Amino acid sequence: MRVVGINILFAFLILMVSCTDHKPQNYTVAETNSTSGFIAIPDAKAWDPAWSTENKVVYQVLQEPDNLHPTNGKTLMRSEVMLYTQGVLIGTDFKTNSLKPNLLSKLPVYDANKSSYNFHLRNDVQWDNGEHLTANDILFTLKVYKSALTQNDFFKPYLENMLDFIPDVNDSLAFSIKIAKPYLQDVAIWGDIIIMQQSFHDPKNILAKYSLTTLATEDFRANAPADVKKWFEEFNSEATGFDLKKLNGLGPYKVTAWEHGQFLTLEKKNNHWTDHSKDSSEHSSVAKIIFKISSDPNVNVLEFKKQQFDASTTLATKSLLKLREDTLFNHNYNAQFTSTFNYSFAAFNMKPDGKKHKKLFDNLQVRKAMAMLFPYEQINRALYKGEYKRQAGPVCSHKYNFNESLTPILQNYNEATKLLADAGWKDSDNDGVLDKMIDGIKEDFKFDMNIYAGIPDWNDLSLMLVAELKKAGIVMNIVPLEVPVFLEKARTHDFDMLMSVWTTNVSPDDFTQLWHSSSWRENGDNYSGFGNSASDALIDSIKFTIDDSLRTALDKRFQKIVVDDMAYIFLFNSQRRIAVHKRFGNVNLYFEKPGLLINTFRLLSPVNKTSATG
Amino acid sequence: MLSVYLPGDALDYILIREEKTSITSTNYEHQKTLLAQRLGYDKPLFYFSVISLAEYGWQQYLPSEKQQKSYNHLLRNFGCGSEVFIFYKKINAARTAITTSFASATDTAIRQTASNAANSLFQIETQVKLSKNDSILDSFNNYATILKLNSLANSILHSYNAMQTKKSSWKKWVPAVQLNAQNRFHDWFFGTDKNSGIIHLNLGQSLYTGRSIGSLLKEKIFWSLLLTVLAIIIAFISGLLISIWLAYTKNKIASRIINMITVLFYSLPVYFAGTALLYFFSNPDFLQIFPSSGVMPIGGYSSSASFSEKFIGTLPYLILPLICYTYSLWAFVQRTSASLISAEFKKPYALMAQAKGLTKKEVVIKHIFPNIISPFVALLANMFPAVIGGSVIIESLFSIPGMGLELIHATTTRNYPFISAVILITGLITILLYLLNEWIQHYVDPRTKTVQP
């Protein structure tokens, strides 16, 4: 009877599996018009009657924003929601990957004589209550951002260069910002500053009594008058970041629902000022955007198969590859991998202490050999089905300042073993592991590779690397660590090698944080210990050269130094995994975050379309 | 305790942005110190701490572990807290001033010298080899001369010499108990000017989002408790009923099948089971019966939806997660109750009852069942924390906005107030269940009542 029971169970399972659609796959890549800055997806030529005609985009995301507070949030997800609900002075031209004026009539101009930038606001920008945006709102915004009482500790260092706000008495739309010294990100930083309406947040004009410099001092934190302290307490409170009634912004959408952990709904404002903009790229066609939080890769695959989601930029690589093998998915969706401004790397500890961490990677030849032992092609084929592109240096290849003379290092086993032998590494005791006398002690070539725990791709990649290194007589031990521990070890140089990803953007590159020797010395993000007086001097020069044409030449020189010194093995340009339902047209895939501008999608009409199923 | 002894610093997580833009280390240290002050993380842990006499009264918060170690090392080795404190403050202030003042110097050589000078001071701030301090200070003096900062260098040297002169390293061998009127436990328990404390049922604020833990828990606990309680009720009632039925019918075939199923269910990993359920019952390629994730339709219900409409709408979302919550617990309950009943059957009172002519069904229901109730309630109290633990995986898989999912996020972001609140609440519920168990035991069997002497 038990055997019969088991047989029935197996028969049931086999039946279920056999019911799965195994029709021959008929996958074709979406036809694209690629330009240097973005990929345009052509509108679907046929309409499937089963497609929804609701002008609503369900956008799958991995997590919800930390909050929607104008100043006190920091996640990328929050920035993405803010893109549709708030306004900033400087934005990104996603098609050209450059900065563009958003709420300004033109990009700010630097006046060297006055050490200030001159700004001029657009005259067509209106708040939801009909008030026009004025310089007063910008002053209020800057006061709040810089105030010692605002709980935006992570952001304050970026504002230290801004010293004062000088209004133009003759023009309510004009003002100047006095700066301490010209700095290459003076303009780009305005892309992260959410402009706030003074009359909405401070109707009693409490902050007007205090100057920008007074509010920013540490003394003010302790000695602020009671009414100001109360105002900031309310401003920093939970309600400002979560109560939908208290969310106010210049963007074309407003948040109408937020079920925490489930979804967040944005609805298009009626008669918004951008509707009348001469710039058609500012027009928003989608009536409703729902950010649906769903992080499990298997669930996401199922939801896309069921057409529950309209768009995503964060599908797992394996999920998208799997979905692209499904005929129905390809019938319903455009899906593609696109480049980003992020890249993965393996960092060496170039300055090990010689005790806890052996002196393995202080030698340039060894670092080069390691780079030549990485099975790049195998990784790309096995993990990414060949979709990923190599990264050549610290700047992404589609960025304006990329040094085109740089090419990625390729796998070359013979050259690698020769370099290792030249560096003194040989298997003297025939145990299959290379060894060398270091400071009078025979050391085997064994090391730890720190990776983030719980990310299957890192683990798979590391396993492939272990196998390749073993062939060359090198033993690599994989050490998965959770994020805070990983970061602490990286910053305190407590590692042999590590693998991670840097997220960058279209803004000009300040290499200080990642590459200046002070950033290694002071436990910053220069994990590997790259840098000397010459490279530091170059970084400092780049930092204070605001002329793009002059700085680009310096940028290129610097990239060459980093690549020659092999502080990192540059692995892959991180690819964004995008899927968009074919019921929407006017879809462009961008390299810059978030990869899609959902508000610009246009719901296609079944009228004048041939049936896709007919 | 968690924030001190777990690796990784929560403040780093708050300060580091997800996107890399440039920030200098001195700025970072400054902001981290201010943040620590705001959150009270610069205070000692408890009302007292056992330290050496050398450290007594001169401990201070420093933003990095290396700086903290180095400063404590200086205190212990020199024993003159006041002088060490002044020396350390001076080198820290001098480094910040040099880094800020010379960062935009046009002369590359001067900029490099300033960088070297700052580097020397940072070495003293972060290293524990005191023998190196003399040579490092010599190099700093040379750099300071080039930068025309002689008075600064002299001031530092003066403090260094004062430290050497008043050295009383014997103090490190004398233990001392330091009383800390202001401490983190006190803030957490009795509150501060910004937070009324746990004594007023205020669980604090999320470090990550700024939300109050109370409102966060209120929102999250509903789904977790709903599923947990439903799973426990279903598992206990069905498991127990099947065991009772098997005990008096003695149906060997049914018993074997149930045994096989319980072994399978008990050993089946919940993630695998959940994924399999999704693939079989929420897949357009096979059976599309249940939704895959969430607890309500995407976009929610209309404002005019009635309770019954919401209930009926939500029900399909709960079926698969509920199966995941229940199956393993059911297997455990069934096997445990079956063995308990089997053991009771061999006891004299059960044999006597059978000898008196009662049917097996009557023996089980009238005599054995009341006797296994109390161990079962004890089992329930023990199972509760385990079921909450299991919810982490299920909620993550099915995107249920419960405590489990939030706990994962809180753990990875070092959101200690939330973690401690969950531990506190789970502990409290477990204690309540133990009390309930005591009460039921007394109710079922009055003999177990404690007799006052």
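Below, read A as the first sequence line, B as the second, and so on, with proteins coming before strands; counting in each chain starts at 1. The shown structure was predicted, so the numbers you read here are calculated from the model rather than taken from an experiment.
Looking at A:R78, there are no atoms closer than 4.5 Å to chain B (heavy atoms on both sides), in backbone or side chain. Contact annotation for A:I293: only backbone heavy atoms (N, CA, C, O) come within less than 4.5 Å of a heavy atom of chain B. Using a 4.5 Å cut-off between heavy atoms, B:S115 contacts chain A through both its backbone and its side chain. Heavy atoms of A:A537 lying under 4.5 Å from chain B belong to its backbone as well as its side chain. Contacts of A:K181 with chain B are made by side-chain atoms alone, with heavy-atom separations under 4.5 Å and no backbone atom involved. In this structure, no portion of B:S206 lies under 4.5 Å from any heavy atom of chain A. Of the atoms belonging to A:T256, not a single heavy atom falls under 4.5 Å from chain B. Using a 4.5 Å cut-off between heavy atoms, A:K292 touches chain B through its side chain atoms alone. Residue contact with chain B, scored on non-hydrogen atoms closer than 4.5 Å, involves the side chain of A:D536 exclusively. Neither the backbone nor the side chain of B:P63 comes within less than 4.5 Å of any heavy atom of chain A. Neither the backbone nor the side chain of A:F486 comes within less than 4.5 Å of any heavy atom of chain B.
One finds the CG atom of A:N523 at 8.0 Å from the CD atom of B:Q67 (value rounded to the nearest 0.5 Å). Here A:E160 contributes atom CD and B:H30 contributes atom NE2; the two are 6.5 Å apart, rounded to the nearest 0.5 Å. Distance check, rounded to the nearest 0.5 Å: CG of A:L302 to CG of B:N283 gives 5.0 Å. Within the model, atoms CZ of A:F154 and CG of B:L11 stand 14.0 Å from one another, a figure rounded to the nearest 0.5 Å. Taking OG of A:S533 as the start and CZ of B:R111 as the end, the distance is 11.5 Å to the nearest 0.5 Å. To the nearest 0.5 Å, atom CZ of residue A:R521 and atom CG of residue B:N116 are 7.5 Å apart.
For A:E233, the salt bridge (charged side-chain N to carboxylate O under 4.0 Å, His left out) test picks out no residue, with sequence neighbours left out.
Of the listed residues (A:E488, A:Q307, A:H516), the one with the most heavy-atom contacts under 4.5 Å to chain B is A:E488. Most heavy-atom pairs under 4.5 Å with chain A, from the set B:S215, B:G210, B:S293: that is B:S293. The choice from A:H69, A:Q308, A:K288, A:R221 that makes the most heavy-atom pairs within less than 4.5 Å of chain B is A:R221. In terms of heavy-atom pairs under 4.5 angstrom with chain A, the leader among B:R211, B:Q112, B:E125 is B:R211. Chain B forms the most heavy-atom pairs under 4.5 Å with one residue out of A:N298, A:V58, A:V485, and that residue is A:N298. Contacts with chain A were tallied for B:A118, B:A109, B:G294; B:G294 has the most, counting heavy-atom pairs under 4.5 Å.
Neither side chain, B:Y208 nor A:N67, offers a donor N or O lying under 3.5 Å from an acceptor on the other. Judged by distance alone, the side chains of A:K306 and B:S292 do bring a donor and an acceptor atom under 3.5 Å apart.
A salt bridge is absent between A:R491 and B:E65: the closest approach of a Lys/Arg side-chain nitrogen to an acidic carboxylate oxygen does not fall below 4.0 angstrom. A salt bridge is absent between A:D153 and B:K32: the closest approach of a Lys/Arg side-chain nitrogen to an acidic carboxylate oxygen does not fall below 4.0 angstrom.
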**Message:** Walk me through whether B:K220 and A:H260 qualify under side-chain contact (heavy atoms from CB on, under 4.5 Å).
**Reply:** CA-CA 9 Å; B:K220 303 286 176 189; A:H260 294 283; 4.2 Å; yes
**Asked** For B:R414 and A:E482, what are the C-alpha separation, side-chain angles and deciding distance, and is it a side-chain contact (heavy atoms from CB on, under 4.5 Å)?
**Response** CA-CA 11 Å; B:R414 294 290 187 268; A:E482 51 172 340; 2.9 Å; yes
**Item:** Pair A:D296-B:F398, side-chain contact (heavy atoms from CB on, under 4.5 Å): steps then yes or no
**Value:** CA-CA 8 Å; A:D296 190 85; B:F398 292 99; over 6 Å; no
**Prompt:** Given A:Q262 and B:S399, is the side chain to side chain donor-acceptor pair (under 3.5 Å) satisfied, shown in steps?
**Reply:** CA-CA 7 Å; A:Q262 291 283 290; B:S399 299; over 6 Å; no
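Put simply, the side chain of B:S282 does not reach to within 4.5 Å of the side chain of A:K305, judged on heavy atoms. Side chains of B:P401 and A:E259 form no contact here, defined as non-hydrogen atoms less than 4.5 Å apart.
Closest approach of B:L397 to A:V299, counting heavy atoms only: O-CG2, 3.2 Å.
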